[in-house]
Enquirer: 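Structure incoming, see below.
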Protein chains: 2
Amino acid sequence: MNIGEVAERSGLPPKTIRYYEDIGLIRPQRSENGYRAFRETDLHKLAFLGRARTLGFSIDDCRTLLSLYEDEARESAQVKAIAEEHLTAIDEKIAQLRAMRGTLSNLVDACRGDHRPDCPILSDLSKKPA
Amino acid sequence: MNIGEVAERSGLPPKTIRYYEDIGLIRPQRSENGYRAFRETDLHKLAFLGRARTLGFSIDDCRTLLSLYEDEARESAQVKAIAEEHLTAIDEKIAQLRAMRGTLSNLVDACRGDHRPDCPILSDLSKKPA
DNA sequence: GATAGGGCTTCCAGTGGCTGGAAGCTCAAG
DNA sequence: CTTGAGCTTCCAGCCACTGGAAGCCCTATC
C-alpha cells in the first residue's frame with residue numbers, strides 16, 4: 001500500500017503518517033522506487049494510534065500503549081495505570097475550563113453589549129487581584 | 001520598577017514579560033543601564049493580560065481586548081462579541097473532553113488491571129472503526 | 001579595591017503535534 | 001511525449017512560552 005491509501009483507510013493525513021514514521025512509531029518498508037510500502041500491520045498500528053489520539057493520549061503514551069499492545073506478556077494493570085492517569089488529567093482540564101466558563105459566562109451576561117463603552121468584562125480584567 | 005518587581009506584582013514570570021514586550025503587548029521604557037523601566041501603567045497592563053490569559057483568551061484576543069480597554073470610544077458590543085466567541089470555543093473544548101472522558105472512563109472501568117494481559121482498553125484501541 | 005552574588009540583558013533552541021509549502025522524482029493515462 | 005497526480009525530502013511555522021548560555025550591572029562585604 002502507498003501512503004495515500006493508508007491515509008484514507010486509517011483516517012490520518014499523509015503528513016501525520018510520515019511524522020509518525022519520523023518519530024519511530026511505525027517502520028514501513030520501502031519499495032524500489034523509494035515509496036513507503038505499508039503492510040496491514042502498519043495500517044492497523046496507525047488506526048490504533050489514531051484512536052488513541054482521539055482519546056487524547058499523548059504521543060508518548062501512544063508509544064507506550066502500542067508497545068504494550070504488542071507485548072504478549074503485558075499486564076493489564078500497566079495499561080490501566082496509563083489510562084487512569086490520563087483520565088485524571090482530563091478531569092483537571094475540564095475543571096479548569098469550567099472555572100473559566102463560569103467566570104466568563106457571568107461577565108458576558110453582565111455586559112450589555114451595546115454601543116456604549118462601559119463594560120463589566122473589561123472592568124473585571126483590569127481590576128486588581130485581591 | 002525592574003522586571004523582578006513587576007514579575008512579583010503581576011504574577012507573571014520575567015520570561016513571559018519579556019516575551020510580551022517582544023510581541024508588542026507592552027512597551028516599557030529603558031533605564032540608562034539598559035534595564036527595562038516599568039511604570040504603573042505597564043504593571044496594570046500586565047495584570048490585565050495575566051487575567052485575560054487565565055480566562056483562556058488567546059494572545060491575539062488579549063491584544064484586541066487591551067486596545068479596546070484603552071479605547072474610550074469602544075462599544076461594549078465589541079468586547080462582548082470576543083468574549084462570546086471565546087465562550088463558545090470553551091464549550092466545544094469541554095464537550096470534546098467530556099466525550100473522551102466518557103469513553104475512557106468506561107474502558108478503565110472494564111479493565112481489571114491485574115497481572116493478566118487481556119485488556120479492554122487495548123482491545124478498543126485496536127478495533128476497526130465501524 | 002577585589003570579589004562574590006544576584007539581577008538584569010540578549011540570543012538561540014526546544015516544547016507538542018503536527019501542517020504548509022517548495023523542489024524534485026515516479027508513475028499511469030492519453 | 002506530455003500532463004497531472006502522487007510520492008519523496010527538507011525547511012519553516014504554528015502557539016505561548018520556557019530553559020539555558022554568555023555576559024553586563026549593581027550592591028554588599030571583606
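To find a chain, count down the sequence lines: A is the first, B the second, and so on, and within it residues start at 1.
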Enquirer: Can you check nucleotides 22-27 of chain C for protein contacts, nitrogen or oxygen pairs under 3.5 Å, and list what you find?
Expert:
unit_1 : atom_1 : unit_2  : atom_2 : d
C:dC27 : OP1    : A:Asn33 : ND2    : 3.0

Enquirer: Choosing from C:dC18, C:dT9, D:dT9, which nucleotide comes nearest the side chain of A:Tyr20?
Expert: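 Per side-chain heavy atoms of A:Tyr20, the pick is C:dC18.
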Enquirer: Hey, are the side chains of A:Glu75 and B:Asp114 touching, using non-hydrogen atoms and a 4.5 Å cut-off?
Expert: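 In short, these two side chains do not touch, never coming nearer than 4.5 Å.
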Enquirer: With a cut-off of less than 4.0 Å, is there a side-chain N or O of B:Thr16 near OP1 or OP2 of D:dT18?
Expert: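 For D:dT18, OP1 or OP2 has a side-chain N or O of B:Thr16 closer than 4.0 Å.
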Enquirer: Atom CD1 of A:Ile23 and atom P of C:dG14: how far apart are they, to the nearest Å?
Expert: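 Going from A:Ile23 (CD1) to C:dG14 (P), I get 17 Å.
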Enquirer: Would you say C:dT9 has OP1 or OP2 under 4.0 Å from some side-chain N or O of B:Arg18?
Expert: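 The answer is yes; a side-chain N or O of B:Arg18 sits under 4.0 Å from OP1 or OP2.
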Enquirer: State whether B:Arg30 places a side-chain N or O below 4.0 Å from either non-bridging phosphate oxygen (OP1 or OP2) of C:dT10.
Expert: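 The answer is yes; a side-chain N or O of B:Arg30 sits under 4.0 Å from OP1 or OP2.
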Enquirer: Measuring only between side-chain heavy atoms, which start at C-beta, is A:Phe38 closer than 4.5 Å to A:Leu43?
Expert: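 A side-chain contact is absent here, since even the closest heavy-atom pair is not under 4.5 Å.
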Enquirer: Using a cut-off of strictly less than 4.0 Å between a heavy atom of the residue and any atom of DNA chain D, enumerate the qualifying residues of residues 51-66 of chain B by number.
Expert: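 Residues of residues 51-66 of chain B under 4.0 Å from DNA chain D: B:Arg53, B:Ser58, B:Ile59.
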Enquirer: Could you state the interatomic distance from CD (B:Gln78) to SG (A:Cys111), rounded to the nearest 0.5 Å?
Expert: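 One finds 10.5 Å between CD of B:Gln78 and SG of A:Cys111.
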Enquirer: Drop me the distance from A:Leu49's CG to A:Leu66's CG, to the nearest 0.5 angstrom.
Expert: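 Rounded to the nearest 0.5 Å, the CG-CG separation comes out at 5.0 Å.
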Enquirer: In whole Å, I'd like the distance from the CD atom of B:Glu8 to the C1' atom of C:dG6.
Expert: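 Atom-to-atom, B:Glu8 to C:dG6, this comes out as 15 Å.
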Enquirer: Would you compute the distance between atom CG of B:Leu97 and atom CD of A:Gln96 and round it to the nearest 0.5 angstrom?
Expert: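 One gets 10.5 Å once the value is rounded to the nearest 0.5 Å.
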Enquirer: Which of these passes side chain to side chain contact (heavy atoms under 4.5 Å, CB included) with A:Val79: B:Ile121, B:Val108, B:Leu107?
Expert: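 In the set B:Ile121, B:Val108, B:Leu107, the residue that makes a side chain to side chain contact (heavy atoms under 4.5 Å, CB included) with A:Val79 is B:Ile121.
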Enquirer: Among A:Glu70, A:Glu40, A:Glu21, whose salt bridge (Lys or Arg N to Asp or Glu O under 4.0 Å) with A:Lys45 holds?
Expert: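 Only one option passes, and that is A:Glu70.
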Enquirer: Mind calculating the distance between CD1 (A:Ile3) and C1' (C:dT19) to the nearest angstrom?
Expert: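 Distance check: A:Ile3 CD1 to C:dT19 C1' gives 14 Å.
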Enquirer: How far does CD of B:Glu5 sit from OG of B:Ser10, to the nearest 0.5 angstrom?
Expert: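 Spacing of CD (B:Glu5) from OG (B:Ser10) equals 10.5 Å.
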Enquirer: Between P on D:dC26 and CD on B:Glu5, what's the gap in Å once rounded to a whole number?
Expert: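 Interatomic distance, CD of B:Glu5 to P of D:dC26: 17 Å.
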Enquirer: Which distance, rounded to the nearest 0.5 Å, do you find between the CD1 of A:Ile3 and the NZ of A:Lys15?
Expert: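 The NZ atom of A:Lys15 is 10.0 Å from CD1 of A:Ile3, to the nearest 0.5 Å.
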Enquirer: Name the nucleic acid region contacted by A:Pro13, choosing base, sugar-phosphate or nothing; use a 4.0 angstrom heavy-atom cut-off, strictly under.
Expert: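 Touches sugar-phosphate only.
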Enquirer: Mind calculating the distance between CD1 (A:Ile17) and C1' (C:dC18) to the nearest angstrom?
Expert: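 Rounded to the whole Å, the gap is 13 Å.
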Enquirer: Do A:Leu125 and B:Tyr69 touch side chain to side chain, with heavy atoms closer than 4.5 Å?
Expert: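 No, too far: nothing below the 4.5 Å cut-off.
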Enquirer: Round to the nearest Å and state the distance from B:Lys93 atom NZ to D:dC15 atom P.
Expert: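 In whole Å, D:dC15 P and B:Lys93 NZ are 13 Å from each other.
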Enquirer: Rounded to the nearest 0.5 Å, what separation is found between the CZ atom of B:Arg63 and the CG atom of B:Leu68?
Expert: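 Reported to 0.5 Å precision, the distance equals 13.0 Å.
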Enquirer: Report the end-to-end axis angle of the helix from C:dG1-D:dC30 to C:dG30-D:dC1; each axis comes from five terminal pairs, and the value is rounded to 10°.
Expert: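 Roughly 30° between the end axes, to the nearest 10°.
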Enquirer: D:dA5 P sits how many Å from A:Asn2 CG, rounded?
Expert: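 Nearest whole value for this atom pair: 17 Å.
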Enquirer: Round to the nearest Å and state the distance from A:Tyr19 atom OH to C:dT19 atom P.
Expert: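 In whole Å, C:dT19 P and A:Tyr19 OH are 10 Å from each other.
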Enquirer: Decide, yes or no, whether a salt bridge links A:Arg112 with A:Asp118 under the criterion of side-chain N to carboxylate O below 4.0 Å.
Expert: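 Here A:Arg112 pairs with A:Asp118 in a salt bridge, since their nearest N and O are under 4.0 Å apart.
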